[in-house]
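All remarks here apply to the structure that follows.
Per chain, numbering begins at 1; letters A, B, ... match sequence-line order.
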4 protein chains.
Amino acid sequence: MSRRPNTAQRRSEIVQALLATMAEYGYEKSTIQLIAQAAGLAPGLLHYHFKTKGEILVELVRTLAQLSLQRYHALAANAATPDARLHAYLHARLGKGDGADPRAVAAWVVIGAEAVRLPEVRAVYQEAIGAEKALLEDLLGACLAERGKSLEGVAPLAAALLAMMEGAFQLASAAPGSMPDGYAAPMARQLVDSHLAAG
Amino acid sequence: MSRRPNTAQRRSEIVQALLATMAEYGYEKSTIQLIAQAAGLAPGLLHYHFKTKGEILVELVRTLAQLSLQRYHALAANAATPDARLHAYLHARLGKGDGADPRAVAAWVVIGAEAVRLPEVRAVYQEAIGAEKALLEDLLGACLAERGKSLEGVAPLAAALLAMMEGAFQLASAAPGSMPDGYAAPMARQLVDSHLAAG
Amino acid sequence: MSRRPNTAQRRSEIVQALLATMAEYGYEKSTIQLIAQAAGLAPGLLHYHFKTKGEILVELVRTLAQLSLQRYHALAANAATPDARLHAYLHARLGKGDGADPRAVAAWVVIGAEAVRLPEVRAVYQEAIGAEKALLEDLLGACLAERGKSLEGVAPLAAALLAMMEGAFQLASAAPGSMPDGYAAPMARQLVDSHLAAG
Amino acid sequence: MSRRPNTAQRRSEIVQALLATMAEYGYEKSTIQLIAQAAGLAPGLLHYHFKTKGEILVELVRTLAQLSLQRYHALAANAATPDARLHAYLHARLGKGDGADPRAVAAWVVIGAEAVRLPEVRAVYQEAIGAEKALLEDLLGACLAERGKSLEGVAPLAAALLAMMEGAFQLASAAPGSMPDGYAAPMARQLVDSHLAAG
DNA sequence: AATGAATGAGCATTCATTCAT
DNA sequence: AATGAATGAATGCTCATTCAT
């Protein structure tokens, strides 16, 4: 008699389609037509499942943020010590292969720029950044605690590492040839290890 | 009887206007009308001085890259040692005040995202990043040489610092409240100092 | 074993929903989705009971016309003289309270404008206006006959009163604050009474 | 060197084009394309001279209101007595021929319905109605004063006449065949004359 | 009868670019 | 050099209607 809702499935398809187009065309040039085509759906249907194009973007931000956390948790499952967990984190975020998706990285860079001007995007972007920062502070704090050191400098250290990660995404997407191969994860590890040893 | 050309002046005014609008509206939403208004010029005049809107953007990228180098050179004028020059560089790029322009930072973030999809922008963006990276490698190399150390690891270290700087711009523009105040320049210095000491 | 059809009930619900939305949004902006929501029905169901949106409008015109006549007959039931019947009519159409529905009045105004351009609506609208005019001519004619006067001027008089009524609806819906409170029914009565006395 | 603005001229052309299309298609169906075509202009140009379609409508309301007053003043120029001026007014508003424009009447009816739902339209519509009502009260007041009568009942009388006029426009546009030919102006005159004589 | 997803044409609006003056 | 009007394609969004379930 009635028809089963399939909204969740469709919404996810649409968000994935935006991810794909945004990595190639940016947000503004990812037209509804283009996204619909990438999703294999009729254009009008996108506005049935999302009120505005901006809502698709916001959901994409949420999806990518969640994905990032999931990837860490998967890699950190077997990490026994604070240092191992920190390394797992840096590898999850900066390592190549193992589910690293250049499209997702490029889309994240575009999102970062949209967050500069779109309040709704900025809100969810900041939420994601805040969660990431809190996690990183926890990880660094555990490493410091194990060494019997003060937690005082943990906030700026986490901030600097976060910046390094975001910048690595930026440069990987916009100036790929200019960067050494696979520098990010090992270098981040070395820098933080030296700092923890010295501090 | 002909009046003297003021093209250079006008072009500069237009580029500055784009800088201003892009920080607030992004590139796509910085319409010719809006840029003209910000510059106090008639819309039609912009296409007299620039063939396309994209050309204004490319010139803006060049202008900002040049500005960044100038700021370093101004601050490094009195730096006598390699370490002093490196610190001057990090301060020039990450320090607050002293000519740090939030609008320019925001515009640079937007440019980074446009570089992902626009080949002409990517070209000049990579050129700027390449120059910055070369400068940074020089500075780091001099510090290592002074300590009698190998130059082997200089490329990834420069890359990591470059990433940290770009990421700091990103986060300063899109998630300002989330970051500790004035963390970037000191933390970058500490990390590189520890690394140079340990390496 | 088949359930009993409830088509008549559903059609009425849908028409009432259009009445409600049209008073607030007009006809064009009363979307099928909106009407369905106001009726508490699924959108698809509206096209099961009505072939097109226009058909709902036509049925609404008929419903309102019928309602108007019913209201007069209810109020005129106890009127013994021609003058009493005329007064009952004017009160039924122009009086406040007693079932006067501002939404119905507003909807009727909107219908009047749609009748300007939609032939199917104009047809039923004119039918309703014609019936109203005939009734009014009958009522006025009886008053004149009772006074032993000629029926000659009855048509323009009925037309003028009809116009006054329609205009009162218009102004009540679109410029409510501008009109004196409860002016319409008494003033119409006075004007027609003076005219019958003088004519 | 510079180009002379022609905005006033263009705006007027566009408003006239809306007047023409609205009489035939209503407001919602008067698409920008259609209005542009009626004005002989490119569609995009309409949004150069008006920010939104609604603004064109608002200007049309103002234009029609002004026109109505002008028509009265032209006809009343030679009226020496209060009664002559009142008759000139009724003739200006209800008389056929002499610049009576069926398209303007139909457009006014459509405007009246749009005023029900669009606040910006309602505002200017009410302003126009208010001005008309004030003028009518002045005219009626002068007639009463000349007869040495109280001005007490002037407000509802003006309101009733205003309603009659608006209703006459409505019926002339939506049910033309149903009304007697040229009934409105003479009948309005008779009704008000009887009333003034009797009151 | 009923549901809610799906379609696609149509809409107001935006905007880079052109051009007459 | 400069102005501001003009163009027309493109875009996000709306919506009556259809249809599989």
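With distances taken from any side-chain atom of R3(A) to the nucleotides dG12(F), dT3(E), dA16(E), the minimum falls on dT3(E). Nearest nucleotide to the side chain of L45(C), out of dT7(E), dT3(E), dA5(F): dT3(E). Nearest to the side-chain atoms of Y48(B) among the listed nucleotides dA1(F), dT17(F), dA1(E) stands dA1(F). Nearest nucleotide to the side chain of K29(C), out of dA16(E), dC15(F), dG4(E): dC15(F).
Nearest-nucleotide assignment on DNA chain F puts the 5′-proximal partner with L46(D), out of Q33(D) and L46(D). Along DNA chain F, the nucleotide nearest to K51(C) and the one nearest to T52(A) differ in position, and the one closer to the 5' end is contacted by T52(A). Where S30(D) and T31(B) meet DNA chain E, the nucleotide closest to each residue was compared, and S30(D) sits on the side nearer the 5' end. Heavy-atom distances to DNA chain E give each of P43(C) and A42(A) a nearest nucleotide, and the one nearer the 5′ end belongs to P43(C).
Computed from coordinates, the F50(C) CZ to dA2(E) P distance equals 13 Å when rounded to whole Å. One interatomic measurement links the two molecules: CD of E13(A) to P of dA5(E), which rounds to 13 Å at whole-angstrom precision. For the pair I32(C) CD1 and dT14(F) P, the interatomic distance rounds to 16 Å; values are reported in whole Å. Between the CD1 atom of I56(A) and the C1' atom of dT11(F) there is a distance of 13 Å, rounded to whole Å. Remark: C1' of dT14(E) and NZ of K53(D) are 17 Å apart, rounded to the nearest angstrom. Taking atom CG on L34(A) and atom C1' on dC13(F), their separation rounds to 17 Å, with Å as the unit. Spacing between atom CD of Q37(B) and atom P of dT3(F) amounts to 14 Å, rounded to whole angstrom units. Rounded to whole Å, atom C1' of dA10(F) lies 12 Å from atom CD of E28(B).
Between R10(D) and dA6(F), a side-chain N or O to OP1/OP2 separation shorter than 4.0 Å is present. Within the structure, every side-chain polar atom (N or O) of N6(A) is placed at least 4.0 Å from both OP1 and OP2 of dG4(E). Distances shorter than 4.0 Å separate none of the side-chain N or O atoms of H47(C) from OP1 or OP2 on dA2(E). A sub-4.0 Å separation between OP1 or OP2 of dA1(F) and a side-chain N or O of T7(B) is present.
Residues V61(A) and W108(A) form a side-chain contact, since some pair of their non-hydrogen atoms from C-beta on lies under 4.5 Å apart. Using a 4.5 Å heavy-atom cutoff, the side chains of L57(A) and L118(A) are in contact.
Under the Watson-Crick or G-U wobble criterion, with both distances below 3.5 Å, dA9(F) is paired with dT14(E). In this structure dA9(E) sits in a base pair with dT14(F), meeting the Watson-Crick or G-U test at under 3.5 Å. Remark: dA1(F) base-pairs with no nucleotide in the shown strands. Criterion, Watson-Crick or G-U wobble with two distances under 3.5 Å.
With salt bridges taken as basic N to acidic carboxylate O contacts below 4.0 Å, none links E59(C) and R62(C). Salt bridge annotation for E28(D)-R117(D): present, with a cationic side-chain nitrogen under 4.0 angstrom from a carboxylate oxygen.
With sequence neighbours excluded, the residues satisfying side chain to side chain contact (heavy atoms under 4.5 Å, CB included) with Q33(D) are T31(D), P43(D).
Side-chain atoms of R11(C) never come within 3.5 Å of backbone atoms of F50(C) as a donor-acceptor pair (strictly under, hydrogens ignored).
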